[in-house]
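Before any comments, here is the structure.
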Amino acid sequence: MTDSPSKANLYERLLRQLRALLEGETDFIANAANTAALGYHNLPDVNWAGFYLCRGGQLVLGPFQGKPACQRIALGRGVCGAAAGRKTTILVPNVCEFPDHIACDSASKSEIAVPLIGGGRLLGVFDVDSPTISRFDAADQRGIEAIVACFLKNSKCDNFFASVPDCD
Ligand code: SME
């Protein structure tokens with residue numbers, strides 16, 4: 001897909017919807033669940049959208065939409081673990097060519113993983129998969145990073161992460 005105005009419009013609309021959806025609610029899990037649902041149901045050509053959250057030094061499956069997925073990912077492993085370890089977004093045009101990709105669903109062909117950084121610490125990853133090769137481009141990266149930033153701004157992570165060891 002190209003960096004078209006319609007894609008920018010789509011993400012602007014999604015951001016407005018997300019702000020409205022999260023308004024007045026700060027619970028981390030409730031907001032994560034609605035963020036995953038909004039992405040899954042509004043981004044075209046996507047077959048999984050959801051969170052992996054830092055628990056006990058690993059990434060553990062959090063709120064998501066799509067088929068059941070692997071529960072635990074070690075830091076540094078797979079696309080999600082790499083995004084968490086490097087604390088940077090990873091965009092994978094073809095998962096078959098990504099060394100160490102974790103195939104939860106063989107239908108997934110491309111993927112984007114955005115790290116969640118809150119209060120100066122790594123909290124987890126937001127991951128979106130597509131059945132189409134090269135589905136995600138720079139416009140998607142900007143849009144999905146903005147969605148993650150909006151989710152983090154509106155959600156209180158202190159209570160949820162207070163009792164578990166840091167990932168980093
Ligand atoms: N493919 C991911 C695993 C998570 S699923 O795609 C839902 C990875 O390699 O980290």
Side-chain angles (χ1 to χ4, degrees), residues 1 7 10-11 14 18 21-22 28-118 121-152 155 157 160-161 164-168:
M1 295 175 84
K7 193 177 267 193
L10 167 69
Y11 282 108
L14 275 184
L18 187 62
L21 203 52
L22 305 187
F28 196 87
I29 290 297
N31 286 350
N34 268 339
T35 301
L38 188 78
Y40 179 82
H41 288 286
N42 289 279
L43 291 172
D45 202 20
V46 151
N47 64 339
W48 201 90
F51 290 84
Y52 280 89
L53 301 174
C54 289
R55 314 298 284 165
Q58 291 184 312
L59 294 172
V60 179
L61 184 63
F64 73 94
Q65 298 269 313
K67 287 187 179 172
C70 52
Q71 291 96 332
R72 289 172 189 272
I73 298 175
L75 286 186
R77 296 293 316 275
V79 179
C80 291
R86 297 180 208 167
K87 291 187 184 162
T88 184
T89 297
I90 296 190
L91 219 154
V92 183
N94 183 350
V95 295
C96 298
E97 292 173 359
F98 188 90
D100 200 32
H101 167 253
I102 300 165
C104 296
D105 180 354
S106 61
S108 295
K109 300 296 182 215
S110 59
E111 179 164 0
I112 181 168
V114 179
L116 312 176
I117 315 282
R121 62 191 282 208
L122 177 71
L123 305 176
V125 171
F126 183 60
D127 182 44
V128 186
D129 294 353
S130 168
T132 300
I133 287 178
S134 297
R135 159 64 182 80
F136 305 103
D137 60 14
D140 293 291
Q141 178 170 345
R142 279 194 297 279
I144 293 172
E145 285 177 348
I147 285 171
V148 165
C150 178
F151 158 69
L152 288 169
S155 308
C157 61
F160 184 70
F161 289 95
V164 295
D166 283 355
C167 268
D168 46 0

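Side-chain atoms are counted along with the backbone in the values below, which use heavy atoms only and exclude waters and symmetry mates. Read the numbers this way: they start at 1 and go in the same order the structure lists the ligands and their atoms. Position 1 is the first residue of the sequence, and the numbers go up from there. Here the structure is a predicted model, which is why all the values come from computation and not from measurement.
Interatomic distance, Ile102 CD1 to Leu59 CG, rounded to the nearest 0.5 Å: 9.0 Å.
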Distance-only donor-acceptor hits, side chain of residues 61-75, under 3.5 Å, sequence neighbours excluded:
| unit_1 | atom_1 | unit_2 | atom_2 | d |
| --- | --- | --- | --- | --- |
| Gln65 | OE1 | His41 | NE2 | 3.1 |
| Arg72 | NH1 | Gln58 | OE1 | 2.9 |

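Protein residues with any heavy atom under 4.0 Å from ligand 1: Trp48, Tyr52, Ala69, Ile73, Gly78, Val79, Cys80, His101, Ile102, Cys104, Glu111, Asp127, Asp129.
Phe51 and Phe151 have their aromatic ring centers within a separation under 6.0 angstrom.
Considering only residues two or more places apart in sequence or on other chains, Phe136 meets the ring pair (Phe, Tyr, Trp, His ring centres under 6.0 Å) condition with none of them.
Residues Thr35 and Ser155 have side chains not in contact (no heavy-atom distance under 4.5 Å, counting atoms from C-beta outward).
Within the structure, the ring pair (Phe, Tyr, Trp, His ring centres under 6.0 Å) test picks out no pair touching residues 88-109 (sequence neighbours left out).
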